[in-house]
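Take a look at the structure below.
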Amino acid sequence: MPNYQAAPVEKKWQEKWEKSGLYKTDLSATDKPKYFILDMFPYPSGAGLHVGHPKGYIATDVFARLKMLQGHNVIHPMGWDAFGLPAENFALKNKTHPRFSTEQNVANYKRQLQLLGFTYDWNLEINTTDSDYYKWTQWIFVKLFEAGMAYESYEPINWCPVDKTGLANEDLEDGKCERCGSLVEKKPMRQWVLAITKYADRLLNDLDKLPHWEPAIKEMQRNWIGRSEGVEIDFKIVGSPELICVFTTRVDTIFGCSYVVLAPENRLLEELRPMIKNWNQVFDYVEKVKNKSDLERTDLNKDKSGVLLDGVKAVNPFNGAEVPVYIADYVLNSYGTGAVMAVPAHDERDYEFARKYGLPIKEVIAKKFSERRSDAVKRDGVAAVIVNDKKVLVLYDKKNSIYRLPAGGYEKEENDEQALLREIKEETGYVNCNIVEGLGTIEANFQRLPLEGQYRHKFQKGYLVNLVNNEKTELHAEDIDKFESMWVAYEEAMQKFATNKESWGEEEFIRRAFDEKNRCFTDDGTIINSDFLEDLSSQQGRESAIKWLEENSHGTRKINYKIKDWVFSRQRYWGEPIPIIHCAFCGPVAVPESELPVKLPDVAEYEPSGTGESPLAKMTDWVNTTCPKCSKPAKRETNTMPQWAGSSWYYLRYIDPRNSSALVDKTLEKYWSPVDFYVGGAEHATRHLIYARFWHKFLYDQGVVSYEEPFVRLQHVGLIMGEDGRKMSKRWGNVINPDDVVAQFGADSLRVYEMFMGPFDQAVSWSTKGLVGASRFLERTYNAVTSLSARTGDGKPEDHQKALHILHNTIKKVEEDIQEFKFNTAVAQLMIFTNEVKDLELGADAVNIWQKMIIVLSPFAPHIAEELWEMLGGKDSVFRASWPKYEAQYLLEDKIRIGIQVNGKIRGELAISRGAEEQEVLKAAKAEPSVAKFLEGGQMVKEIYVKEKLVSLVVKM
RNA sequence: GCUGGGGUGGCGGAAUUGGUAGACGCGCGGGACUUAAAAUCCCGUACUAGCAAUAGUGUGCGGGUUCGAUUCCCGCCCUCAGCACCA
């Protein structure tokens with residue numbers, strides 16, 4: 001029978017905390033530095049919590065307790081995000097009302113959370129489905145509407161046929177409904193949309209003001225916002241007044257444009273119809289595309305398709321070239337202008353399409369390998385990548401010790417082919433070669449090795465060459481000594497060139513030769529074959545081209561975003577009613593603030609209709625109202641808000657949860673805002689976290705909040721997987737319920753274990769064995785403290801030294817690790833303390849030392865810490881104590897052991913005193929028997945002493 | 001494909017301005033206590049060879065720089081997450 005009984009102790013302290021109001025946050029107290037630490041509030045599902053859910057809450061709780069002990073006013077609140085599809089679907093399935101099932105689920109979640117002994121102040125609890133709460137969600141919508149940020153749209157949107165509602169882009173996963181996994185359809189319907197794209201630039205730029213966010217999450221947001229700077233160019237159409245406007249970020253490649261592509265849905269198609277000779281074929285293609293789902297369309301990624309618009313020619317304004325026009329579904333109508341200029345040589349998609357349909361591929365960018373020098377001599381040339389049987393021919397220049405490809409400059413009037421074949425013959429002897437394909441151009445600048453020494457600048461054209469047969473001529477006598485030729489595999493060739501003394505980019509040609517995909521060069525480089533852009537860098541070329549476009553009115557600068565405006569209507573029951581009244585005379589009118597909230601009416605039948613109408617539409621009593629402006633009969637908006645609405649601002653409400661006259665009091669907001677630390681799942685990086693930042697910025701512009709960014713520091717929590725390594729799920733039967741764990745091992749064991757499992761942000765598998773380890777540690781600590789009273793006297797001085805050394809290192813390590821969220825190593829340090837200190841003879845001073853340890857342990861295991869604190873004479877809660885300060889004098893030990901290396905290998909160890917003289921240490925090191933035998937008979941070359949770390953001896957044998 | 005992580009014992013993982021790789025925990029082996037078992041405590045535990053002292057090998061793979069590389073550089077493989085025809 002173990003000595004420590006978790007259940008009664010945990011119950012005892014939870015009751016005491018409740019009674020004394022230990023964790024109550026006095027919102028009006030502004031005497032101390034504040035700390036706002038926030039969990040992503042849960043969406044209470046019917047299944048209850050599994051052990052993975054509380055991991056983040058445990059971490060914030062540990063952190064909050066540290067801050068309390070360090071003397072901060074801490075706000076650590078919790079609430080419920082309870083509107084939305086999953087709750088409604090759950091209710092439908094169980095034939096109950098969502099309000100009822102939500103209440104039940106919330107109660108269950110709350111009970112489960114309370115078992116773990118968190119510092120949540122339940123007086124601050126909020127619930128997005130309370131009308132007192134969603135009044136302010138509606139209020140924000142009204143402000144958005146009044147600011148022109150919420151508008152009605154009739155564009156086709158994503159429609160989930162199973163959940164029977166429209167969805168935002170953010171609600172899709174692989175083109176499927178994120179909730180139920182069904183394929184979404186495109187459906188045109190009336191909907192409310194929020195103009196998040198107006199904030200796109202600020203959402204993007206302000207990421208730079210968030211140094212304490214993980215770079216990975218900022219990067220995800222950058223990708224999601226997807227800003228790209230480019231130009232729109234107008235292509236005239238031969239024999240038509242219409243223009244094809246294309247968007248491109250690469251005007252520098254304009255002279256490589258060999259055709260133009262329209263999205264199949266592009267409206268221009270109708271206008272051009274009379275000119276199109278093969279209309280039937282075009283029409284068929286458009287129809288085929290229409291019937292493809294978005295998923296099928298993107299799935300065809302690898303196999304591009306399209307149809308030529310026979311009879312239509314577009315004119316490249318830069319050179320007057322008439323190029324063919326295609327429709328192809330690799331061009332999206334919803335991005336840019338729904339039309340692109342195709343530059344197959346420098347865009348992978350165009351390249352693939354051009355190869356499939358045999359369209360010209362014109363190279364206009366050379367890869368730049370190194371900087372040009374003003375004193376360089378220009379000498380262009382050709383290079384051969386001769387491939388035979390998956391091996392490439394590499395020359396070794398013996399005199400200069402360099403590897404190279406067969407290559408050289410032009411002689412007299414030679415063309416590429418002549419020069420190439422001549423060089424191959426001269427340098428390798430092969431006479432029967434077959435030029436397969438060009439590999440593009442590399443601009444190289446380099447110094448000719450010893451022979452000439454001058455700097456060269458060249459455009460080198462690469463060619464893939466096959467051997468027709470092995471026939472060779474004799475090399476010139478001089479060349480036989482000069483070169484050694486060898487056939488090597490890809491990896492070996494890459495390696496040879498990687499360490500080559502003189503190189504101009506041969507690896508690039510080899511890479512292109514071995515993989516067709518690499519033949520399309522999409523980076524910036526030096527412009528070639530391009531009229532007035534010739535020889536400019538891509539960057540300069542873009543500037544010149546834009547200038548030319550604008551001066552000649554053929555186009556203009558343009559910025560596009562991937563992020564779309566936020567589709568904000570749901571045709572479902574369980575959500576905040578959108579506070580709008582439709583009046584035949586006044587149009588859509590906002591519900592006046594005095595009439596908010598627009599309460600969600602109770603209904604018996606709330607099943608989605610599937611017609612695109614919300615179930616609220618059937619509630620005629622509720623729908624029929626009068627216009628607030630003209631008082632004539634009018635109808636309420638029946639769509640509801642998406643699940644993400646309530647969570648986009650909830651953190652603000654914790655600061656002032658019962659305020660009925662304002663969203664949040666200004667003074668309180670100023671003191672408690674912003675959220676100092678926000679912890680939650682990485683899956684919200686592009687949804688919730690973008691929406692919340694968007695609303696927050698809007699509220700900032702409205703003067704409601706005083707900071708531009710809501711969350712100062714952001715940390716994502718890694719999942720806890722099942723013992724089998726799979727996600728915890730009913731489906732796999734690997735779910736561990738915290739109720740069971742707490743009943744068997746206690747909340748403290750669960751808390752300590754979850755913090756100890758591994759790095760906080762990493763996914764780790766649950767291990768009940770591992771949990772036992774945490775439990776044993778607490779038990780050992782308990783036993784150590786309970787046996788303290790049996791010890792008397794002064795103890796041993798060296799034990800004292802040791803205990804103080806460990807204690808102060810523990811204080812430092814735990815304090816620093818908690819702040820950096822490195823809980824696993826903090827717990828390891830606490831374990832070291834118990835293991836090392838429990839058997840030391842410390843006499844009466846033991847109590848003092850262990851008291852400090854208990855404070856340091858308390859954030860992780862608050863119940864057992866309180867119990868032990870009380871046992872050692874603590875009168876008040878341990879959380880009313882102060883975090884101990886570590887003292888530098890105890891951190892370092894006087895005796896150190898250092899390693900001794902001989903020729904880089906550890907051969908022995910040496911005990912020295914801190915501050916020992918270098919000469920003494922070296923002398924002692926050399927005298928060490930295990931070292932000395934490796935020094936025997938050798939000559940000392942070097943002796944290195946890294947202070948208080950190691951000795952490194954170099955001996956020549 | 002792109003972007004960002006990651007690859008270290010039987011397992012979860014420590015250690016990075018380059019300095020004794022494997023802290024801590026699990027598991028495993030041995031021992032103590034017990035009539036016995038559980039629990040607890042003590043000792044050991046990277047791998048290979050050896051009775052041992054010891055020697056060799058070792059941080060995904062191949063090279064490089066260095067007295068010294070898990071750490072830095074070049075090339076490659078695998079894996080997880082997000083995005084995915086965004087011109």
Side-chain angles (χ1 to χ4, degrees), chain A residues 1-3 173-175 214-220 222-224 226-228 230 246-250 253 261 297-302 304 328-332 334-337 339-343 347-350 352-353 490-499 507 517 560-563 682-683 685-686 716 719 753 756-759 761-774 776-777 779-780 783 822 824-825 827-832 835 839 897-910 930 941-944 946-955:
Chain A
M1 211 45 191
N3 291 322
E173 259 170 28
D174 294 332
E214 287 165 89
I217 290 183
K218 286 198 274 188
E219 200 51 36
M220 274 191 229
R222 284 192 192 102
N223 291 340
W224 190 264
R227 180 183 202 267
S228 57
V246 305
F247 174 72
T248 180
T249 55
R250 292 296 303 271
T253 64
V261 195
R297 202 166 146 172
T298 50
D299 236 24
L300 292 176
N301 212 333
K302 285 172 201 102
K304 299 233 170 343
D329 68 357
Y330 78 89
V331 175
L332 305 175
S334 54
Y335 182 79
T337 58
V340 302
M341 66 177 212
V343 184
D347 180 282
E348 278 173 30
R349 297 148 302 181
D350 299 340
E352 203 187 314
F353 191 83
Y490 175 75
E491 287 78 15
E492 202 186 334
M494 294 304 277
Q495 218 164 70
K496 283 189 163 33
F497 284 110
T499 52
E507 301 108 299
K517 275 187 210 145
N560 271 319
Y561 300 92
K562 273 201 269 183
I563 194 171
E683 69 273 19
T686 50
H716 86 266
L719 289 179
Y753 173 58
F756 182 64
M757 298 176 82
D761 56 359
Q762 196 178 299
V764 197
S765 293
W766 179 264
S767 155
T768 300
K769 289 272 174 59
L771 173 68
V772 171
R776 279 184 200 149
F777 155 63
E779 180 96 3
R780 272 203 304 277
N783 291 339
K822 285 153 72 175
N824 53 337
T825 48
V827 172
Q829 183 63 37
L830 288 164
M831 288 172 168
I832 291 171
N835 293 346
D839 295 324
R897 305 192 75 81
I898 64 170
I900 308 163
Q901 291 185 346
V902 179
N903 290 344
K905 284 201 167 112
I906 295 291
R907 295 300 184 186
E909 211 181 41
L910 187 63
S930 61
V941 180
K942 216 170 182 179
E943 299 178 14
I944 298 160
V946 184
K947 195 161 182 267
E948 285 151 23
K949 292 246 168 84
L950 63 51
V951 170
S952 182
L953 303 170
V954 187
V955 195

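Quick note: numbers below take in every heavy atom, side chains included, and nothing from hydrogens, waters or symmetry partners. Sequence lines set the chain letters: A, B, ... in the order given, protein chains first and strands last, and positions in each chain run from 1.
The gap from the C1' atom of rG27(B) to that of rG22(B) amounts to 16 Å, rounded to the nearest Å. Taking the P atom of each, rG44(B) and rU35(B) are spaced 28 Å apart, rounded to whole Å. Look at the C1' atom in both rA15(B) and rA69(B): the space between them is 14 Å, to the nearest Å. Taking atom C1' on both rU57(B) and rG4(B), the two are 35 Å apart, rounded to the nearest angstrom. Between rA32(B) and rA46(B), the distance separating the two C1' atoms is 28 Å to the nearest Å.
A search for salt bridge (Lys or Arg N to Asp or Glu O under 4.0 Å) contacts involving Lys218(A) returns nothing, not counting sequence neighbours. Glu943(A) pairs by the salt bridge (Lys or Arg N to Asp or Glu O under 4.0 Å) definition with Lys926(A), not counting sequence neighbours. With sequence neighbours excluded, the residues that form a side chain to side chain contact (heavy atoms under 4.5 Å, CB included) with Ile906(A) are Gln901(A). Not counting sequence neighbours, the partners of Phe353(A) by the ring pair (Phe, Tyr, Trp, His ring centres under 6.0 Å) test are Tyr259(A), Tyr326(A), Tyr330(A), Tyr357(A). Evaluation of the side chain to side chain contact (heavy atoms under 4.5 Å, CB included) rule for Ser765(A) yields Met721(A) as partners, not counting sequence neighbours. Residues satisfying the side chain to side chain contact (heavy atoms under 4.5 Å, CB included) criterion with Val764(A), sequence neighbours excluded, are Met757(A). A search for side chain to side chain contact (heavy atoms under 4.5 Å, CB included) contacts involving Pro215(A) returns nothing, not counting sequence neighbours.
One interatomic measurement links the two molecules: CZ of Arg222(A) to P of rC83(B), which rounds to 17 Å at whole-angstrom precision. If you measure from atom NZ of Lys218(A) to atom P of rG5(B), you get 12 Å, rounded to the nearest angstrom. Here the P atom of nucleotide rU20(B) and the CD1 atom of Ile900(A) are 13 Å apart, to the nearest Å. Atom pair Lys304(A):NZ and rA84(B):P shows a separation of 16 Å (rounding to whole Å applied). Between the CE atom of Met220(A) and the C1' atom of rG82(B) there is a distance of 5 Å, rounded to whole Å. Going from atom NZ of Lys562(A) over to atom C1' of rA84(B) covers 7 Å, rounded to whole Å. Following rounding to the nearest Å, Asp761(A) (CG) and rG13(B) (P) show an atom-to-atom distance of 11 Å. Rounded to whole angstrom, the span from the CZ atom of Phe777(A) across to the P atom of rA39(B) amounts to 20 Å.
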* Asked: Taking it one step at a time, do Lys942(A) and Val955(A) satisfy side chain to side chain contact (heavy atoms under 4.5 Å, CB included)?
  -> CA-CA 7 Å; Lys942(A) 216 170 182 179; Val955(A) 195; over 6 Å; no

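Among residue pairs with one or both ends in residues 897-906 of chain A, those qualifying as salt bridge (charged side-chain N to carboxylate O under 4.0 Å, His left out) are Arg897(A)-Glu909(A); sequence neighbours excluded.
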* Quick one: what's the B/S/- string for nucleotides 23-31 of chain B, heavy-atom cutoff under 4.0 Å, read 5' to 3'? -> BBSSS----

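Residue Trp766(A) comes nearest to Leu771(A) through the heavy atom pair CZ2-CD2, 4.0 Å, listed as atom of the first residue, atom of the second, then distance.
A distance-only check finds a donor-acceptor pair linking the side chain of Ser930(A) to the backbone of Arg907(A) [under 3.5 Å].
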* Starting at the 5' end of RNA chain B, what dot-bracket string do you get if Watson-Crick and G-U pairs under 3.5 Å are bracketed, crossing pairs use [ ], other-strand pairs use | and unpaired bases use dots? -> (((((((..(((......[....)))((((((.......))))))((((....))))..(((((..]....))))))))))))....

Between protein and nucleic acid, restricted to nucleotides 52-58 of chain B and to nitrogen or oxygen atoms under 3.5 Å apart, what atom pairs and distances do you find?
| from | atom 1 | to | atom 2 | distance (Å) |
| --- | --- | --- | --- | --- |
| rG56(B) | OP2 | Arg907(A) | NH1 | 2.9 |

What pairs of nitrogen or oxygen atoms, one from the protein and one from nucleotides 16-19 of chain B, lie under 3.5 Å apart?
| from | atom 1 | to | atom 2 | distance (Å) |
| --- | --- | --- | --- | --- |
| rG19(B) | N2 | Gln901(A) | OE1 | 3.2 |

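Taking every side-chain heavy atom of Pro759(A) into account, rA14(B) is the closest of rA14(B), rC85(B), rA87(B).
No donor-acceptor contact under 3.5 Å links the side chain of Glu219(A) to the base of rU3(B).
Nucleic acid contact class of Val340(A) (heavy atoms, under 4.0 Å, all strands): base.
A salt bridge is absent between Arg776(A) and Glu779(A); no separation between the charged side-chain nitrogens and carboxylate oxygens falls under 4.0 Å.
Ring pair Trp224(A)/Tyr561(A): centre-to-centre distance not below 6.0 Å.
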